[in-house]
Amino acid sequence: MVVFRTAPYGGNYSFEGLENVLIMGAYDQDVSVLFIDDGVLAIKKGMDNSGTGIKDFSPTFRALEAYDIEKIFIDRESMESRGVSLEDLVIEPEVIEANAVEKMMEEQKNFFMF
Amino acid sequence: MVVFRTAPYGGNYSFEGLENVLIMGAYDQDVSVLFIDDGVLAIKKGMDNSGTGIKDFSPTFRALEAYDIEKIFIDRESMESRGVSLEDLVIEPEVIEANAVEKMMEEQKNFFMF
Amino acid sequence: MLHLVNKSPFESMGFEDCLKYAAKGSSILFYEDGIYGALPGTAIADRMASVTSDYKVYVLKEDMMLRGIDKIMDGITEVDYAGFVGLVEENKTASW
Amino acid sequence: MLHLVNKSPFESMGFEDCLKYAAKGSSILFYEDGIYGALPGTAIADRMASVTSDYKVYVLKEDMMLRGIDKIMDGITEVDYAGFVGLVEENKTASW
Amino acid sequence: MEGPYQHEASDSAYQFTKAAIAKGHEILRVFFYQDGVLNSNKLMDPQADDRHIQKQWSALGTENNIDFIVCVAAAKRRGINDTVTAEGFTIGGLGMLTELAIEADRLVEFRA
Amino acid sequence: MEGPYQHEASDSAYQFTKAAIAKGHEILRVFFYQDGVLNSNKLMDPQADDRHIQKQWSALGTENNIDFIVCVAAAKRRGINDTVTAEGFTIGGLGMLTELAIEADRLVEFRA
């Protein structure tokens with residue numbers, strides 16, 4: 001499992017996390033992806049890098065399904081506190097509650113947080 | 001003026017800030033030093049690097065007076081919220097209130113925050 | 001004075017620290033992850049509404065675009081990098 | 001589960017984020033700048049007292065020493081790096 | 001300043017410098033310290049579809065005669081020396097930052 | 001992981017690895033990614049009274065046969081290639097991190 005919990009671009013965690021997801025997918029691992037805290041902002045629609053030239057990674061998030069990565073989750077409270085709804089996102093994760101997060105982590109052999 | 005506002009060691013801001021203070025002193029600049037927010041933790045007494053090997057810079061803070069750097073200030077509220085009192089510190093800054101900070105900054109030609 | 005805030009207000013106390021010291025009427029510019037402070041409908045929107053009445057609050061357009069943000073709260077002004085330079089011409093800056 | 005907290009609770013929301021997800025009874029280890037969460041007499045001491053009743057809270061001794069911290073709140077346990085390794089033996093870890 | 005590709009600080013500093021020049025300002029100097037010293041590393045080799053941060057700086061510097069100073073103390077700790085710094089970047093002492101503070105009308109810090 | 005000398009993450013990872021070895025654990029591998037790749041830079045030249053982070057790792061690795069893998073994607077962006085990596089550090093793909101996640105009993109991340 002890869003957990004995204006930081007905002008995109010200010011730090012490069014989401015970008016390197018995404019590289020990690022793709023590689024795990026290529027290894028035929030049964031990869032889950034989870035967005036919590038500021039990580040929910042990493043999959044916002046409408047990103048436009050023309051003003052900064054920084055690499056826009058949202059097309060790659062959109063391609064996760066093509067890599068057979070389909071277990072994608074997002075924390076409801078993190079979305080609500082940031083004024084984000086599912087329609088604002090480039091993918092459609094399954095919405096979960098905060099108290100499900102630790103259980104999901106425990107069920108993994110290992111997981112990474114970005 | 002050099003403003004210290006981050007905790008020591010987790011990041012290296014305080015260390016590089018301190019290097020900066022010393023150089024400014026060497027240039028005969030009339031250097032002020034201000035500790036706010038987690039910066040108040042940078043001058044805690046009793047630092048002991050024997051468990052980590054990370055360079056302990058507190059002796060250098062203690063030496064500021066020797067470099068004729070004497071205008072040293074600290075924000076009262078930052079100390080209080082972190083349970084720190086003047087006796088806990090390796091130097092004895094003058095205690096100021098938060099509302100004096102912006103004015104001090106405005107009076108400088110330029111200042112740095114670490 | 002111009003206060004520069006570049007961290008997400010949902011993850012960092014940098015913005016609140018800045019407010020502790022910033023004199024009313026001063027300018028605050030959100031850039032990088034700081035721009036999320038300008039989002040409408042968030043858990044900190046009420047707090048931000050009171051801030052916009054006490055300070056001149058700006059947000060950097062290029063960093064909004066990069067992050068896919070096109071709506072901001074009332075009372076916050078969008079500026080581009082040229083506007084950022086303009087604010088620096090008029091003010092000393094503090095980076096939080 | 002062992003939750004690793006390495007940022008100052010006075011500057012980062014990382015600790016509060018961790019508590020949002022951590023199941024009661026889980027372990028939390030403060031290290032690096034996270035150790036300031038264990039300081040007695042702070043503005044967050046009441047909050048921390050309730051946390052220590054719901055979680056097993058540890059603080060890394062070497063990082064306390066480095067920062068000149070020798071007093072910690074009741075209900076928090078000091079461990080050294082060997083103890084840190086022991087906690088990792090017993091738990092999966094999440095880094096906040 | 002934090003490191004290129006790790007934090008946005010390098011990109012923001014570059015965009016700000018470019019905008020200031022476009023408005024007719026004279027940029028005295030860009031001073032790279034902390035992880036910012038890594039901006040000068042000519043061995044950088046990002047993916048083809050990403051920006052090349054060092055080359056962006058170098059192009060801006062050449063066109064506009066800007067001094068890029070890399071803090072020697074910060075650089076040495078981080079393995080940056082003149083075998084890896086790109087043309088246009090000069091390794092110099094922290095004193096040059098002090099001089100900058102004395103001479104410059106405005107000074108902006110891009111921090112993480 | 002964040003960069004050496006900039007954040008404590010490199011020091012913490014080193015101390016943790018040392019303590020785990022002292023307790024008799026077999027460390028499969030240390031994987032350096034993000035700014036952590038900078039740990040491998042042999043050009044590091046800190047002040048005489050400070051620790052030398054790369055040399056600390058190298059000594060630990062030689063004594064205990066640990067693989068130090070430096071993430072190639074992260075390294076290239078940051079100007080780290082085999083002309084500057086110290087002995088004992090191998091540049092490798094992110095796939096090796098995936099393998100680590102599959103094989104290792106425990107995995108600890110040292111983040112900023």
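Sequence lines set the chain letters: A, B, ... in the order given, protein chains first and strands last, and positions in each chain run from 1. Keep in mind that this is a model prediction, so the values were computed, not measured.
Exactly one of B:Tyr13, B:Phe15, B:Phe35 qualifies for a ring-ring contact (aromatic ring centres under 6.0 Å, His included) with B:Phe4. That residue is B:Phe35.
Contact of B:Phe112 with chain E is made through backbone and side chain together, with heavy-atom distances under 4.5 Å. E:Asp35 does not touch chain B: none of its heavy atoms, backbone or side chain, sits under 4.5 Å away. For E:Glu109, the part sitting under 4.5 Å from any heavy atom of chain B is the side chain, from C-beta outward, and nothing else. Interface remark: E:Ala73 contributes side-chain atoms only to the contact with chain B (heavy atom separation under 4.5 Å). If you measure heavy-atom distances from B:Glu19 to chain E, the contacts under 4.5 Å come from both the backbone and the side chain.
Across all their heavy atoms, B:Lys109 and E:Ala104 have their closest contact at CE-O, 3.1 Å.
At least one side-chain heavy atom of B:Lys71 sits under 4.5 Å from a side-chain heavy atom of B:Asp30.
Here CG of B:Leu89 is found 11.5 Å from OG of B:Ser58. Values are rounded to the nearest 0.5 Å.
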### Message
Set out, in order, the CA-CA distance, both residues' side-chain angles and the distance that settles side chain to side chain contact (heavy atoms under 4.5 Å, CB included) for E:Gln54 and E:Phe89, then state yes or no.
### Response
CA-CA 10 Å; E:Gln54 171 263 311; E:Phe89 289 87; 4.2 Å; yes
